[in-house]
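Encoded as structure tokens, the structure appears first; notes follow it.
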Amino acid sequence: MKILILGSGGREHSLAWKISQSPLVDEVFSAPGNPGMDQIGPCFDIDPTNLKDVQELALQLTPDLIIIGPEAPLAAGVSDALRARGFDVFGPSQQAAQLESSKGFAKDLMQKYGVPTAAYGRFSDLTEALDYLETMSAPYVIKADGLAGGKGVVIAETLEVAENTVEEFMTGKYGDASTEIVIEEFMTGEEASIFVMTDGEGAIYLPPAQDHKRVGDGDTGPNTGGMGAYAPAPVVDARTMELVQALIVEPMLSGMAEDGMPYQGVLYVGIMVTESGPKVVEFNARFGDPECQILMTGLPGDIVPALLVCSTGGLVGSHAALCEMMGLSDYEPSAIVVMAAKGYPEAPIKGGVIKGVEAANELDGVTVFHAGTDKTASGELVATGGRVLGVASTALNLKQAIDGAYDGVAKIDFPDGFFRKDIGRRALG
Ligand code: AMP
Ligand code: GLY
């Protein structure tokens, strides 16, 4: 079987790495891929959001399955374009992917299906938005409706800052992505991420994960795409997981199917574990990154059959067998430390030389994934900015997994890089 993966980050490298171990798979192609994915199979340098280029590549390679890693191709309608050509695709339709690409769309569906989330208002008129702010109390949560590269959420401590943010957003700070906004109630609790693989009807729940969004130790500094993660996250106990299933995932999947937009692929449910139970912070239409990297390293079995069934349907009937093939009940505790380029997230330094990836990979349980690297003509590995490497480790327990990831980091020589020193500390208590 041949599988094509769209994307070029740590998430996609970990998917390629996992999939290539399946006895069902002969070849893994990546587009555009990265130097880590290039060691697994051929990479094709195309823009994964360009419908025509992706279709042409798929027709040339004739993969049995296409996995869409990041949100941008989903929002651009790549899954629909590929399905229209008869390909099996792991990833939701453009319509269903609006759960991520439009915060207002997601909130309206949650309200319609009675899913617990923060109270909200949705606005495209500045005066109405400012009037609504007056009815709320601090802190104020303001969200750009569209994709804003992770910068579209502001938590304002005062009314003045909130008003300024609303005005900036609605007058086009993030272009079309922010002319419409959502203002919502502030929720208090601990955040976690639940990943659900689905064919639109059945659902496989992966172990709950927690990532570290802030750039600095002790959760300080600006938000990033994620500086580290671990799973399973103890904050999501069995009861919370049951509530997520019954109150959030099942109503969303059945409601969307009934409304003619079944959700296929992986549903990323960002939750706040509040005193009154789990509430949705956000949905994403893809695997989290770096969370995907620890889910792939921690699953001992074969994930390919489940990916295929989610793409083609029939999950309800094969659920138990697929979970067993994945080794879901034997998931090994995993942690990942992200190494980023100095200056990230504002102005990452590009071109920093990286050494020691092989030495880290030789450590027991450690796997290094490429997220923002390139190879120079002379074969040197260099950073291309932002998040550069993910150093993942699995072990018998979380403490050992975290220690293993840091042992891996210690083998890597990346003078222009940095990493957080406190990944997983909260889970260790
Ligand atoms: P989002 O992109 O919607 O996940 O928002 C980014 C981050 O803002 C989340 O991970 C939370 O830390 C925070 N956040 C978003 N919405 C809320 C809310 N209603 N209450 C508290 N924190 C929130
Ligand atoms: N790690 C958070 C995300 O993928 O959005």
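Along the sequence shown, residues carry numbers from 1. Whatever order the structure lists ligands and atoms in, that order sets their numbers, starting from 1.
From the protein, the heavy atom lying nearest to atom 19 (N) of ligand 1 is E184 OE2, 2.7 Å. In this structure, atom 16 (N) of ligand 1 lies nearest to the protein heavy atom K143 NZ, 3.0 Å. The protein non-hydrogen atom at the shortest distance from atom 8 (O) of ligand 1 is V153 CG1, 3.7 Å. Counting protein heavy atoms only, atom 21 (C) of ligand 1 is closest to M187 O, 3.3 Å.
If you look at I155 next to ligand 1, the close heavy atoms, those under 4.0 Å, all belong to the side chain. Using a 4.0 Å cut-off between heavy atoms, E191 contacts ligand 1 through its side chain alone, with no backbone atom that close. Here Y268 has side-chain heavy atoms under 4.0 Å from ligand 2, and that is the only part of it that gets that close.
Using a 4.0 Å heavy-atom cutoff, R286 is listed among the residues neighbouring ligand 2.
Atom numbering of ligand 2 starts at 1 in the shown order; those under 4.0 Å from a heavy atom of G288 are 4 (O). If you number the atoms of ligand 1 from 1 as listed, the ones under 4.0 Å from a heavy atom of M272 come out as 21 (C), 22 (N). Contact atoms of ligand 1 toward E282: 1 (P), 2 (O), 3 (O), 4 (O) (distance under 4.0 Å to a heavy atom of the residue). In summary, the atoms of ligand 1 found under 4.0 Å from a heavy atom of K213, numbered by their order in the structure, are 10 (O).
Between V266 and V196, the closest side-chain pair of non-hydrogen atoms is not below 4.5 Å.
Among the atoms of V141, none of the N or O lies under 3.5 angstrom from an N or O of ligand 1. Among the atoms of K103, some N or O lies under 3.5 angstrom from an N or O of ligand 1.
Among T224, D211, D289, the residue whose heavy atom lies nearest to atom 4 (O) of ligand 2 is D289.
Between the CD atom in Q264 and the OG1 atom in T312 there is a gap of 8.5 Å [rounded to 0.5 Å].
Between F29 and F44, the ring planes lie perpendicular to each other; the angle is over 60°, past the 30° to 60° tilted range. Ring geometry for F195 versus F287: interplanar angle of 30 to 60°, hence tilted.
By the 6.0 Å and 45° rule, K421 stacks over the aromatic ring of F419.
In this structure, Y268 has its ring center at least 6.0 angstrom away from the ring center of F283.
Proximity of a side-chain donor or acceptor of N284 to a complementary backbone N or O of R286 within less than 3.5 Å is not detected.
Counted within 6.0 Å of CG on D176, heavy atoms from surrounding residues, nucleotides or ligands total 12 or fewer; the atom is thus considered open.
For T49 against P73, the heavy-atom pair with the smallest separation is CG2-N, 3.8 Å.
A salt bridge does not link E291 with R11: none of the charged nitrogens is closer than 4.0 Å to a carboxylate oxygen.
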